[in-house]
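Working notes for the structure below.
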Amino acid sequence: KDPDYLKLWLDNFVSSYEQFLDVDFEKLPTRVDDIPPGISLLPDNILQVLRLQLLHCVQKLSEGLEEPQQALTLLLVKFFIILCRNLDNVEEIGTCSYINHVITMTTLYIQQLKTKTKEKEVADQTSIEEFVRHALAFCESLYDPYRNWRQRIAGRILSTVEKSRQKYKPALLTVEFVPFFYQCFQESEHLKESLKCCLLHLFGAIVAGGQRNALQAISPATMEVLMRVLADYDMWDNRDPDDVSRKAELTLKCLTEVVHILLTSSSDQRQVETSTILENYFKLLNSDHEALPNSRSRQWESRFIALQIQMLNAITAMLDCTDRPVLQAIFLNSNCFEHLIRLLQNCKVNKRL
(Lines give C-alpha, C1' and ligand atoms only; values in the text may rest on other atoms or scores of the structure.)
Protein backbone atom coordinates (compact mmCIF):
# COMPACT_ATOMS: atom_id res chain seq x y z
CA LYS A 1 0.00 0.00 0.00
CA ASP A 2 2.98 2.31 0.51
CA PRO A 3 4.27 3.40 -2.96
CA ASP A 4 7.67 4.38 -1.58
CA TYR A 5 8.13 0.99 0.07
CA LEU A 6 7.00 -0.78 -3.12
CA LYS A 7 9.54 1.12 -5.20
CA LEU A 8 12.27 0.35 -2.65
CA TRP A 9 11.37 -3.35 -2.76
CA LEU A 10 11.44 -3.37 -6.58
CA ASP A 11 14.76 -1.51 -6.61
CA ASN A 12 16.32 -4.06 -4.27
CA PHE A 13 14.89 -7.00 -6.23
CA VAL A 14 16.12 -5.70 -9.60
CA SER A 15 19.55 -4.83 -8.17
CA SER A 16 19.89 -8.36 -6.76
CA TYR A 17 19.24 -9.99 -10.17
CA GLU A 18 20.60 -7.31 -12.48
CA GLN A 19 22.78 -9.86 -14.30
CA PHE A 20 19.63 -11.27 -15.93
CA LEU A 21 18.82 -7.99 -17.70
CA ASP A 22 20.57 -8.96 -20.94
CA VAL A 23 18.55 -6.68 -23.22
CA ASP A 24 21.11 -6.54 -26.05
CA PHE A 25 19.75 -8.86 -28.75
CA GLU A 26 23.17 -9.04 -30.38
CA LYS A 27 24.71 -10.80 -27.37
CA LEU A 28 24.21 -14.32 -26.12
CA PRO A 29 22.70 -14.39 -22.61
CA THR A 30 25.16 -14.48 -19.76
CA ARG A 31 25.42 -17.87 -18.06
CA VAL A 32 24.49 -17.50 -14.40
CA ASP A 33 24.44 -20.31 -11.84
CA ASP A 34 21.67 -18.75 -9.76
CA ILE A 35 18.12 -18.22 -11.06
CA PRO A 36 15.45 -15.71 -10.01
CA PRO A 37 12.79 -16.97 -7.57
CA GLY A 38 9.62 -18.72 -8.61
CA ILE A 39 6.36 -16.79 -8.35
CA SER A 40 5.28 -18.82 -5.29
CA LEU A 41 8.25 -17.42 -3.35
CA LEU A 42 7.30 -13.78 -3.93
CA PRO A 43 5.31 -11.76 -1.38
CA ASP A 44 1.57 -12.47 -1.36
CA ASN A 45 -0.46 -10.57 -3.99
CA ILE A 46 2.65 -8.81 -5.34
CA LEU A 47 1.76 -9.58 -8.97
CA GLN A 48 -1.74 -8.17 -8.50
CA VAL A 49 -0.29 -5.00 -6.93
CA LEU A 50 2.19 -4.59 -9.79
CA ARG A 51 -0.53 -5.18 -12.39
CA LEU A 52 -2.57 -2.33 -10.88
CA GLN A 53 0.50 -0.09 -10.79
CA LEU A 54 1.19 -0.82 -14.46
CA LEU A 55 -2.45 -0.25 -15.41
CA HIS A 56 -2.42 3.08 -13.57
CA CYS A 57 0.67 4.17 -15.55
CA VAL A 58 -0.98 3.13 -18.84
CA GLN A 59 -4.05 5.20 -18.01
CA LYS A 60 -1.89 8.22 -17.20
CA LEU A 61 0.33 7.86 -20.28
CA SER A 62 -1.83 9.91 -22.66
CA GLU A 63 -1.52 12.88 -20.27
CA GLY A 64 2.22 12.36 -19.93
CA LEU A 65 3.98 10.48 -17.15
CA GLU A 66 5.98 12.37 -14.58
CA GLU A 67 9.60 11.33 -14.09
CA PRO A 68 8.94 9.11 -11.02
CA GLN A 69 6.19 7.28 -12.92
CA GLN A 70 8.46 6.77 -15.94
CA ALA A 71 11.10 5.33 -13.61
CA LEU A 72 8.50 3.01 -12.06
CA THR A 73 7.33 1.64 -15.44
CA LEU A 74 10.92 0.83 -16.41
CA LEU A 75 11.47 -0.83 -13.04
CA LEU A 76 8.33 -2.93 -13.51
CA VAL A 77 9.44 -4.14 -16.95
CA LYS A 78 12.89 -5.02 -15.58
CA PHE A 79 11.17 -6.98 -12.80
CA PHE A 80 9.15 -9.00 -15.34
CA ILE A 81 12.24 -9.72 -17.47
CA ILE A 82 14.02 -11.06 -14.42
CA LEU A 83 11.06 -13.20 -13.37
CA CYS A 84 10.89 -14.74 -16.85
CA ARG A 85 14.53 -15.81 -16.66
CA ASN A 86 13.21 -18.47 -14.30
CA LEU A 87 11.47 -20.45 -17.04
CA ASP A 88 8.96 -21.86 -14.53
CA ASN A 89 7.41 -18.38 -14.43
CA VAL A 90 7.02 -17.78 -18.19
CA GLU A 91 3.62 -19.38 -18.69
CA GLU A 92 1.94 -17.58 -15.78
CA ILE A 93 3.43 -14.18 -16.63
CA GLY A 94 2.42 -14.68 -20.27
CA THR A 95 -1.23 -15.38 -19.44
CA CYS A 96 -1.61 -12.21 -17.37
CA SER A 97 -2.38 -8.76 -18.78
CA TYR A 98 1.14 -7.38 -18.19
CA ILE A 99 2.27 -7.94 -21.76
CA ASN A 100 -0.71 -6.11 -23.28
CA HIS A 101 -0.18 -3.14 -20.94
CA VAL A 102 3.52 -3.06 -21.86
CA ILE A 103 2.72 -3.22 -25.60
CA THR A 104 0.21 -0.37 -25.20
CA MET A 105 2.88 1.79 -23.56
CA THR A 106 5.54 0.79 -26.09
CA THR A 107 3.23 1.66 -28.99
CA LEU A 108 2.66 5.16 -27.63
CA TYR A 109 6.35 5.68 -26.91
CA ILE A 110 7.40 4.53 -30.39
CA GLN A 111 4.80 6.86 -31.87
CA GLN A 112 6.48 9.70 -29.97
CA LEU A 113 9.90 8.61 -31.20
CA LYS A 114 8.62 8.51 -34.80
CA THR A 115 7.28 12.06 -34.62
CA LYS A 116 9.91 14.68 -35.36
CA THR A 117 9.35 18.18 -33.98
CA LYS A 118 11.69 20.97 -32.96
CA GLU A 119 10.76 20.45 -29.31
CA LYS A 120 11.56 16.74 -29.47
CA GLU A 121 14.87 17.36 -31.21
CA VAL A 122 15.93 19.33 -28.15
CA ALA A 123 14.32 17.05 -25.54
CA ASP A 124 16.21 14.08 -24.11
CA GLN A 125 14.35 10.92 -25.10
CA THR A 126 16.82 8.50 -23.56
CA SER A 127 14.39 7.29 -20.89
CA ILE A 128 11.71 6.54 -23.51
CA GLU A 129 14.18 4.62 -25.67
CA GLU A 130 15.41 2.68 -22.64
CA PHE A 131 11.83 1.65 -21.81
CA VAL A 132 11.22 0.51 -25.41
CA ARG A 133 14.38 -1.61 -25.47
CA HIS A 134 13.49 -3.28 -22.19
CA ALA A 135 9.87 -3.79 -23.28
CA LEU A 136 11.04 -5.62 -26.42
CA ALA A 137 13.41 -7.72 -24.31
CA PHE A 138 10.47 -8.61 -22.02
CA CYS A 139 8.56 -9.86 -25.08
CA GLU A 140 11.60 -11.91 -26.07
CA SER A 141 11.72 -13.46 -22.58
CA LEU A 142 8.13 -14.64 -23.00
CA TYR A 143 8.24 -15.84 -26.58
CA ASP A 144 11.80 -17.14 -26.97
CA PRO A 145 12.69 -18.27 -23.45
CA TYR A 146 15.68 -20.35 -24.60
CA ARG A 147 17.07 -17.48 -26.72
CA ASN A 148 17.03 -19.58 -29.91
CA TRP A 149 17.15 -16.47 -32.07
CA ARG A 150 20.20 -15.02 -30.33
CA GLN A 151 21.99 -18.31 -30.86
CA ARG A 152 20.99 -18.27 -34.53
CA ILE A 153 22.31 -14.71 -34.92
CA ALA A 154 25.57 -15.77 -33.26
CA GLY A 155 25.93 -18.52 -35.88
CA ARG A 156 24.92 -21.49 -33.75
CA ILE A 157 22.19 -23.62 -35.33
CA LEU A 158 20.23 -25.76 -32.89
CA SER A 159 19.56 -29.32 -34.00
CA THR A 160 16.09 -30.87 -33.87
CA VAL A 161 17.24 -33.01 -30.94
CA GLU A 162 18.44 -29.95 -29.00
CA LYS A 163 15.13 -28.18 -29.58
CA SER A 164 13.20 -31.25 -28.47
CA ARG A 165 15.02 -31.12 -25.14
CA GLN A 166 13.70 -27.64 -24.40
CA LYS A 167 11.35 -28.45 -21.56
CA TYR A 168 9.49 -25.15 -21.27
CA LYS A 169 7.25 -23.78 -24.01
CA PRO A 170 7.06 -20.08 -24.87
CA ALA A 171 4.03 -18.14 -23.67
CA LEU A 172 1.13 -17.95 -26.12
CA LEU A 173 1.66 -14.94 -28.40
CA THR A 174 -0.65 -12.03 -27.67
CA VAL A 175 -2.98 -11.03 -30.52
CA GLU A 176 -1.66 -7.49 -30.05
CA PHE A 177 1.73 -8.35 -31.52
CA VAL A 178 1.01 -8.30 -35.27
CA PRO A 179 -0.81 -4.91 -35.27
CA PHE A 180 1.90 -3.55 -32.93
CA PHE A 181 4.73 -4.69 -35.22
CA TYR A 182 2.96 -3.36 -38.31
CA GLN A 183 2.21 0.01 -36.72
CA CYS A 184 5.81 0.49 -35.55
CA PHE A 185 7.03 0.51 -39.15
CA GLN A 186 4.33 2.85 -40.48
CA GLU A 187 5.80 6.29 -41.30
CA SER A 188 8.92 5.33 -39.37
CA GLU A 189 11.53 7.41 -41.22
CA HIS A 190 12.41 9.27 -38.00
CA LEU A 191 12.63 6.13 -35.84
CA LYS A 192 16.23 5.18 -35.01
CA GLU A 193 17.65 2.35 -37.09
CA SER A 194 18.85 0.66 -33.90
CA LEU A 195 15.26 0.49 -32.59
CA LYS A 196 14.05 -0.90 -35.92
CA CYS A 197 16.72 -3.58 -35.58
CA CYS A 198 15.43 -4.39 -32.07
CA LEU A 199 11.92 -4.82 -33.51
CA LEU A 200 13.28 -7.13 -36.21
CA HIS A 201 15.18 -9.08 -33.57
CA LEU A 202 11.93 -9.53 -31.62
CA PHE A 203 10.11 -10.80 -34.71
CA GLY A 204 12.95 -13.26 -35.32
CA ALA A 205 12.84 -14.36 -31.68
CA ILE A 206 9.10 -15.07 -31.87
CA VAL A 207 9.53 -17.12 -35.06
CA ALA A 208 12.52 -19.02 -33.67
CA GLY A 209 10.94 -19.50 -30.23
CA GLY A 210 8.28 -22.00 -31.27
CA GLN A 211 6.18 -23.03 -34.26
CA ARG A 212 2.80 -22.19 -32.71
CA ASN A 213 3.67 -18.53 -32.16
CA ALA A 214 5.66 -18.36 -35.39
CA LEU A 215 2.64 -19.30 -37.50
CA GLN A 216 0.58 -16.65 -35.74
CA ALA A 217 3.26 -13.99 -36.30
CA ILE A 218 3.88 -14.88 -39.96
CA SER A 219 1.01 -12.99 -41.55
CA PRO A 220 0.41 -10.88 -44.67
CA ALA A 221 0.92 -7.75 -42.53
CA THR A 222 4.29 -8.79 -41.08
CA MET A 223 5.55 -10.04 -44.46
CA GLU A 224 4.59 -6.67 -45.96
CA VAL A 225 6.70 -4.99 -43.28
CA LEU A 226 9.76 -7.15 -43.96
CA MET A 227 9.58 -6.55 -47.71
CA ARG A 228 9.07 -2.82 -47.15
CA VAL A 229 12.11 -2.68 -44.86
CA LEU A 230 14.24 -4.31 -47.58
CA ALA A 231 12.88 -1.93 -50.22
CA ASP A 232 13.48 1.21 -48.17
CA TYR A 233 15.51 2.86 -50.95
CA ASP A 234 14.44 6.44 -50.42
CA MET A 235 16.05 6.73 -46.98
CA TRP A 236 19.45 5.26 -47.88
CA ASP A 237 21.19 8.55 -48.60
CA ASN A 238 20.26 9.80 -45.11
CA ARG A 239 21.35 6.70 -43.21
CA ASP A 240 24.62 5.26 -41.95
CA PRO A 241 25.73 2.52 -44.40
CA ASP A 242 26.45 0.10 -41.53
CA ASP A 243 22.96 0.62 -40.09
CA VAL A 244 21.37 0.05 -43.52
CA SER A 245 23.39 -3.13 -44.06
CA ARG A 246 22.65 -4.52 -40.60
CA LYS A 247 18.92 -3.87 -40.94
CA ALA A 248 18.87 -5.65 -44.29
CA GLU A 249 20.88 -8.55 -42.86
CA LEU A 250 18.44 -8.99 -39.96
CA THR A 251 15.43 -8.79 -42.27
CA LEU A 252 16.89 -11.49 -44.50
CA LYS A 253 17.61 -13.71 -41.49
CA CYS A 254 13.99 -13.23 -40.42
CA LEU A 255 12.76 -14.21 -43.90
CA THR A 256 15.02 -17.28 -43.89
CA GLU A 257 13.58 -18.36 -40.54
CA VAL A 258 10.05 -17.72 -41.88
CA VAL A 259 10.64 -19.93 -44.94
CA HIS A 260 11.97 -22.75 -42.76
CA ILE A 261 8.97 -22.57 -40.42
CA LEU A 262 6.46 -22.53 -43.27
CA LEU A 263 8.17 -25.57 -44.76
CA THR A 264 7.43 -27.61 -41.63
CA SER A 265 3.76 -26.55 -41.41
CA SER A 266 0.58 -27.77 -43.07
CA SER A 267 -1.46 -25.60 -45.45
CA ASP A 268 -4.30 -25.14 -42.93
CA GLN A 269 -1.83 -23.68 -40.39
CA ARG A 270 -0.32 -21.08 -42.71
CA GLN A 271 -1.57 -17.53 -43.25
CA VAL A 272 0.98 -16.95 -46.01
CA GLU A 273 2.40 -19.33 -48.61
CA THR A 274 6.13 -19.61 -49.28
CA SER A 275 5.45 -19.08 -52.99
CA THR A 276 3.87 -15.67 -52.25
CA ILE A 277 6.90 -14.61 -50.22
CA LEU A 278 9.26 -15.74 -52.99
CA GLU A 279 7.24 -13.91 -55.63
CA ASN A 280 7.64 -10.61 -53.76
CA TYR A 281 11.26 -11.45 -52.95
CA PHE A 282 12.27 -11.96 -56.58
CA LYS A 283 10.29 -8.90 -57.64
CA LEU A 284 12.37 -6.83 -55.23
CA LEU A 285 15.61 -8.54 -56.25
CA ASN A 286 14.94 -7.66 -59.89
CA SER A 287 13.47 -4.21 -59.29
CA ASP A 288 14.55 -1.66 -61.87
CA HIS A 289 16.26 0.96 -59.72
CA GLU A 290 17.26 2.87 -62.85
CA ALA A 291 13.59 3.68 -63.40
CA LEU A 292 13.21 5.26 -59.97
CA PRO A 293 12.81 9.06 -59.91
CA ASN A 294 15.54 11.36 -58.57
CA SER A 295 19.18 11.07 -59.40
CA ARG A 296 21.08 8.53 -57.33
CA SER A 297 24.63 8.80 -56.07
CA ARG A 298 27.31 6.22 -56.76
CA GLN A 299 27.18 5.37 -53.05
CA TRP A 300 23.47 4.63 -53.38
CA GLU A 301 24.15 2.38 -56.40
CA SER A 302 26.79 0.49 -54.43
CA ARG A 303 24.36 -0.07 -51.57
CA PHE A 304 21.72 -1.39 -53.96
CA ILE A 305 24.18 -3.90 -55.43
CA ALA A 306 25.26 -4.88 -51.91
CA LEU A 307 21.59 -5.54 -51.05
CA GLN A 308 21.19 -7.73 -54.13
CA ILE A 309 24.26 -9.74 -53.09
CA GLN A 310 22.84 -10.13 -49.57
CA MET A 311 19.54 -11.33 -51.03
CA LEU A 312 21.30 -13.88 -53.24
CA ASN A 313 23.27 -15.17 -50.24
CA ALA A 314 20.01 -15.45 -48.29
CA ILE A 315 18.62 -17.80 -50.95
CA THR A 316 21.49 -20.18 -50.17
CA ALA A 317 20.66 -19.91 -46.46
CA MET A 318 16.99 -20.62 -47.16
CA LEU A 319 17.88 -23.78 -49.09
CA ASP A 320 20.05 -25.00 -46.21
CA CYS A 321 17.27 -26.95 -44.52
CA THR A 322 16.28 -30.53 -43.72
CA ASP A 323 13.54 -30.71 -46.37
CA ARG A 324 15.59 -29.19 -49.16
CA PRO A 325 14.03 -31.07 -52.13
CA VAL A 326 10.56 -29.74 -51.24
CA LEU A 327 11.84 -26.17 -50.98
CA GLN A 328 13.79 -26.54 -54.23
CA ALA A 329 10.55 -27.52 -55.95
CA ILE A 330 8.82 -24.41 -54.55
CA PHE A 331 11.69 -22.25 -55.83
CA LEU A 332 11.44 -23.83 -59.28
CA ASN A 333 7.67 -23.31 -59.38
CA SER A 334 8.32 -19.66 -58.48
CA ASN A 335 10.37 -19.27 -61.69
CA CYS A 336 13.59 -18.93 -59.73
CA PHE A 337 15.86 -19.50 -62.74
CA GLU A 338 14.00 -17.00 -64.92
CA HIS A 339 14.39 -14.34 -62.22
CA LEU A 340 18.11 -15.07 -61.81
CA ILE A 341 18.70 -15.01 -65.58
CA ARG A 342 16.91 -11.65 -65.78
CA LEU A 343 19.08 -10.36 -62.94
CA LEU A 344 22.23 -11.38 -64.83
CA GLN A 345 20.93 -9.74 -68.00
CA ASN A 346 20.19 -6.51 -66.13
CA CYS A 347 23.67 -6.55 -64.62
CA LYS A 348 25.18 -7.02 -68.09
CA VAL A 349 23.13 -4.15 -69.52
CA ASN A 350 24.07 -1.84 -66.63
CA LYS A 351 27.73 -2.69 -67.07
CA ARG A 352 27.59 -1.73 -70.76
CA LEU A 353 25.85 1.53 -69.86
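Fair warning: this is a prediction, and the values are worked out from it, not measured in the lab. Below, all heavy atoms of this structure are taken into account, side chains as well, without hydrogens, waters or symmetry copies.
Every residue meeting the side chain to side chain donor-acceptor pair (under 3.5 Å) condition with R156, not counting sequence neighbours, appears here in chain and number order: Q151, E162. Here K163 pairs with nothing under the side chain to side chain donor-acceptor pair (under 3.5 Å) rule; sequence neighbours left out. Residues that satisfy the side-chain contact (heavy atoms from CB on, under 4.5 Å) test with L108, not counting sequence neighbours, are L61. Take E224 and apply the salt bridge (charged side-chain N to carboxylate O under 4.0 Å, His left out) test, not counting sequence neighbours, and it matches R228. The side-chain contact (heavy atoms from CB on, under 4.5 Å) test applied to K192 returns E129, S194, L195, not counting sequence neighbours. By the ring pair (Phe, Tyr, Trp, His ring centres under 6.0 Å) test, F180 is found to be paired with no residue, residues two or more places apart in sequence or in another chain being considered. Under the salt bridge (charged side-chain N to carboxylate O under 4.0 Å, His left out) criterion, E140 pairs with R147, R150, not counting sequence neighbours.
Scanning both residues, I81 and H134, for their nearest heavy atoms gives CD1-O, 3.3 Å. Here the closest non-hydrogen pair linking S219 and V272 is C-CG2, 3.4 Å. Taking both residues in full, the closest heavy atoms of L142 and C84 are given as CD2-SG, 3.6 Å, listed atom of the first, atom of the second, then distance. Minimum interatomic distance between A221 and Y182 (heavy atoms only, all atoms of both residues): O-CD1, 3.5 Å. Between C198 and L136, the shortest heavy-atom contact is CB-CD1, 3.6 Å. When all heavy atoms of P145 and R85 are compared, the pair lying nearest together is O-NH1, 3.2 Å.
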Donor-acceptor pairs under 3.5 Å, side chain of residues 91-101 to any protein atom, not counting sequence neighbours: which ones?
from: T95; atom 1: OG1; to: E91; atom 2: O; distance (Å): 3.3
from: T95; atom 1: OG1; to: E92; atom 2: O; distance (Å): 2.9
from: Y98; atom 1: OH; to: L47; atom 2: O; distance (Å): 2.9
from: N100; atom 1: OD1; to: T174; atom 2: OG1; distance (Å): 2.6

Show me the donor-acceptor pairs, under 3.5 Å and distance only, between side chains in residues 70-80 and residues at least two apart or in other chains.
from: Q70; atom 1: OE1; to: S127; atom 2: OG; distance (Å): 3.2
from: T73; atom 1: OG1; to: Q70; atom 2: O; distance (Å): 2.7

> Could you walk me through whether L262 and I277 pass the side chain to side chain contact (heavy atoms under 4.5 Å, CB included) check?
Replying inline: CA-CA 11 Å; L262 293 179; I277 294 173; 3.6 Å; yes
>> As a quick check of understanding, evaluate side chain to side chain contact (heavy atoms under 4.5 Å, CB included) for L191 and K196, giving each step before the final call.
In response: CA-CA 7 Å; L191 186 65; K196 291 179 185 177; 4.0 Å; yes
>> Please determine whether side chain to side chain contact (heavy atoms under 4.5 Å, CB included) holds for the pair E26 and C197, giving the CA-CA distance in whole Å, both sets of side-chain angles, and the decisive distance to 0.1 Å.
In response: CA-CA 10 Å; E26 299 283 347; C197 286; 5.6 Å; no
>> Would E130 and R133 count as a salt bridge (Lys or Arg N to Asp or Glu O under 4.0 Å) here? Give the steps.
In response: CA-CA 5 Å; E130 188 179 9; R133 293 178 193 279; over 6 Å; no
> Given V258 and T222, is the side chain to side chain contact (heavy atoms under 4.5 Å, CB included) satisfied, shown in steps?
Replying inline: CA-CA 11 Å; V258 163; T222 54; over 6 Å; no
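In this structure, CG in N213 is found 7.0 Å from CD1 in I206, a value given to the nearest 0.5 Å. Rounded to the nearest 0.5 Å, atoms CD1 (I39) and CG (D88) are 9.0 Å apart. With values rounded to the nearest 0.5 angstrom, L284 atom CG is found 8.5 Å from Q308 atom CD. Here CG of L255 is found 9.5 Å from CG of L278. Values are rounded to the nearest 0.5 Å. Atoms CD1 and CD, from I218 and Q269 in turn, are 11.0 Å apart once rounded to the nearest 0.5 Å. The structure places NZ of K247 at 8.0 Å from CG of L200, a figure rounded to the nearest 0.5 Å.
Using a 4.5 Å cut-off between side-chain heavy atoms of Ile, Leu, Val, Met, Phe, Trp and Tyr, with links allowed through other members, L230 and L312 fall into the same hydrophobic cluster. Under the 4.5 Å side-chain heavy-atom criterion for grouping Ile, Leu, Val, Met, Phe, Trp and Tyr, L319 is connected to L252 within one hydrophobic cluster. I103 and L52 fall into different hydrophobic clusters, defined by Ile, Leu, Val, Met, Phe, Trp and Tyr side-chain heavy atoms under 4.5 Å apart, directly or through other members. In the hydrophobic clustering of this structure, L158 does not group with V259; members are Ile, Leu, Val, Met, Phe, Trp, Tyr whose side-chain heavy atoms approach within less than 4.5 Å, directly or through other members. F203 and V23 fall within a single hydrophobic cluster, where Ile, Leu, Val, Met, Phe, Trp and Tyr side chains are chained together by heavy-atom contacts under 4.5 Å.
Among residue pairs with one or both ends in residues 44-67, none qualify as salt bridge (Lys or Arg N to Asp or Glu O under 4.0 Å); sequence neighbours excluded. Listed by first and then second residue, the salt bridge (Lys or Arg N to Asp or Glu O under 4.0 Å) pairs that reach into residues 265-278 are R270-E273, sequence neighbours excluded. Identified under the ring-ring contact (aromatic ring centres under 6.0 Å, His included) test for residues 255-282, with sequence neighbours left out: F282-H339.
No side-chain heavy atom of L28 sits under 4.5 Å from any side-chain heavy atom of D22. Within the 4.5 Å cutoff, side-chain heavy atoms of L42 are placed close to those of L83. Between Q271 and M223, every side-chain heavy-atom pair lies at or beyond the 4.5 Å cut-off. The shortest side-chain heavy-atom distance between L343 and M311 does not fall under the 4.5 Å cut-off. Considering only heavy atoms from C-beta on, L202 comes within 4.5 Å of F177 through its side chain.
Between H201 and F25, the ring planes lie parallel to each other; the angle is under 30°, not in the 30° to 60° tilted range.
With N89 contributing its side chain and P37 its backbone, the two residues share a donor-acceptor pair below 3.5 Å. Checked by atom type and distance alone, the side chain of R212 pairs as donor or acceptor with a backbone atom of P170 at under 3.5 Å. Looking only at distances, a side-chain donor or acceptor of Y146 sits under 3.5 Å from a matching main-chain atom of K167. Checked by atom type and distance alone, the side chain of Q211 pairs as donor or acceptor with a backbone atom of T264 at under 3.5 Å. Side-chain atoms of E279 never come within 3.5 Å of backbone atoms of S334 as a donor-acceptor pair (strictly under, hydrogens ignored). Remark: side-chain polar atoms of S15 are not paired, donor with acceptor, to backbone N or O of N12 under 3.5 angstrom.
More than 12 heavy-atom neighbours from other residues, nucleotides or ligands sit within 6.0 angstrom of CG on D24. Heavy-atom neighbours of K169 NZ from other residues, nucleotides or ligands within 6.0 Å: at or below the threshold of 12.
Ring to ring, Y5 and W9 are not that close: their centroids are 6.0 angstrom or more apart.
In summary, E249 and R246 engage in a salt bridge, as defined by a charged side-chain N under 4.0 Å from a carboxylate O.
A donor-acceptor contact closer than 3.5 angstrom is absent between the side chains of T107 and Q183.
If you run side chain to side chain contact (heavy atoms under 4.5 Å, CB included) between F185 and each of V225, I110, D232, only V225 comes through.
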